Colleague: 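I am attaching a structure below and will ask some questions about it afterwards.
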Amino acid sequence: MQITEIYRSLQGESSYAGLPCVFVRLTGCNLRCTWCDSEYTFSGGEKMSLQEVEAEVRRLAPSGLVEITGGEPLLQEREAVPLMERLLALGYTVLLETSGERPLENVPPQVIKIVDVKCPHSGEFGTFREESLASLTARDEVKFVLADRADYEFARDFTRQHDLVSRVRSVIFSPAFRKDARGARDSSHCLLDPQQLAQWILEDGLEVRLGMQIHKFIWEPSTKGV
Ligand code: SF4
């Protein structure tokens with residue numbers, strides 16, 4: 001597998017936010033989101049065998065949470081699926097962060113899928129594979145990264161249209177973060193003011209979670225490997 005980095009930190013997003021987690025970040029992505037903060041994963045990386053990845057995960061944490069992320073990890077599905085199966089067999093709770101552009105059918109059902117449905121401002125609108133809705137279960141999560149009112153309205157309407165709240169464990173509306181953010185560890189870097197987003201969610205009576213990327217508030221926003 002082509003791996004950009006493997007490290008242990010705190011989970012910054014999803015309903016697992018705040019928990020210690022080992023991140024396995026795979027190299028390569030076929031999308032180019034305007035606010036992407038992981039462009040360093042698009043190329044490079046190191047070739048590692050499944051056994052080497054597993055050994056590194058075990059060295060960093062003998063149990064707990066592991067997230068398979070990228071880039072787009074399912075571009076390496078042939079290796080990523082056996083890795084997930086192996087980590088599950090070892091007793092880890094496995095999260096998979098994916099754009100939803102790749103098929104999800106072969107992901108082991110015990111894996112918690114966190115699917116990032118792209119909104120208009122992302123520049124990759126329409127890439128979510130709607131057939132994948134059938135693969136989502138009550139353990140999975142759907143995330144929308146929002147930069148403006150048009151993104152919010154798309155996410156709101158999509159959530160209602162597909163009854164996401166009763167379909168998955170958590171629907172997350174998350175303000176997009178400026179990709180060139182430096183310095184202050186506060187919400188001034190959000191493209192959409194979280195207070196505004198909170199107001200819209202409450203006004204519309206949505207049962208969704210407002211998600212902040214807490215790693216951007218703990219560490220300096222440009223820090224990698226956290
Ligand atoms: S799918 Fe993820 S890694 Fe790929 S460009 Fe979008 S934000 Fe970046």
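Quick caveat, the model's predicted, so the values are computed rather than measured. Read the numbers this way: they start at 1 and go in the same order the structure lists the ligands and their atoms.
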Colleague: Answer yes or no: is there an ion pair linking K216 with D37, defined by an N-O contact shorter than 4.0 Å?
Modeller: yes
Colleague: Among all residues two or more places apart in sequence or in another chain, which pass the side-chain contact (heavy atoms from CB on, under 4.5 Å) test with R102?
Modeller: N30, E72, L74, L75
Colleague: Where does Y40 meet ligand 1, judged by heavy-atom distances below 4.0 Å: at the side chain, the backbone, both, or neither?
Modeller: neither
Colleague: Answer yes or no: are there more than 12 heavy-atom neighbours, outside Q195 itself, under 6.0 Å from its atom CD?
Modeller: no
Colleague: Using side-chain heavy atoms (C-beta onward) and a distance below 4.5 Å, is T137 in contact with R169?
Modeller: no
Colleague: If you link I, L, V, M, F, W and Y whenever their side-chain heavy atoms are under 4.5 Å apart, who else ends up in the same group as L65?
Modeller: Y16, L19, L95, I112, I114
Colleague: Numbering the atoms of ligand 1 from 1, which are under 4.0 Å from a heavy atom of W35?
Modeller: 7 (S)
Colleague: Closer than 2.8 Å to atom 6 (Fe) of ligand 1, which protein N, O or S atoms?
Modeller: C33 SG
Colleague: Kindly write out the residues that satisfy side-chain contact (heavy atoms from CB on, under 4.5 Å) with Y7, not counting sequence neighbours, or none if the list is empty.
Modeller: E5, S9, F23, R25
Colleague: Crowded around E39 CD? As in, over 12 foreign heavy atoms under 6.0 Å?
Modeller: yes
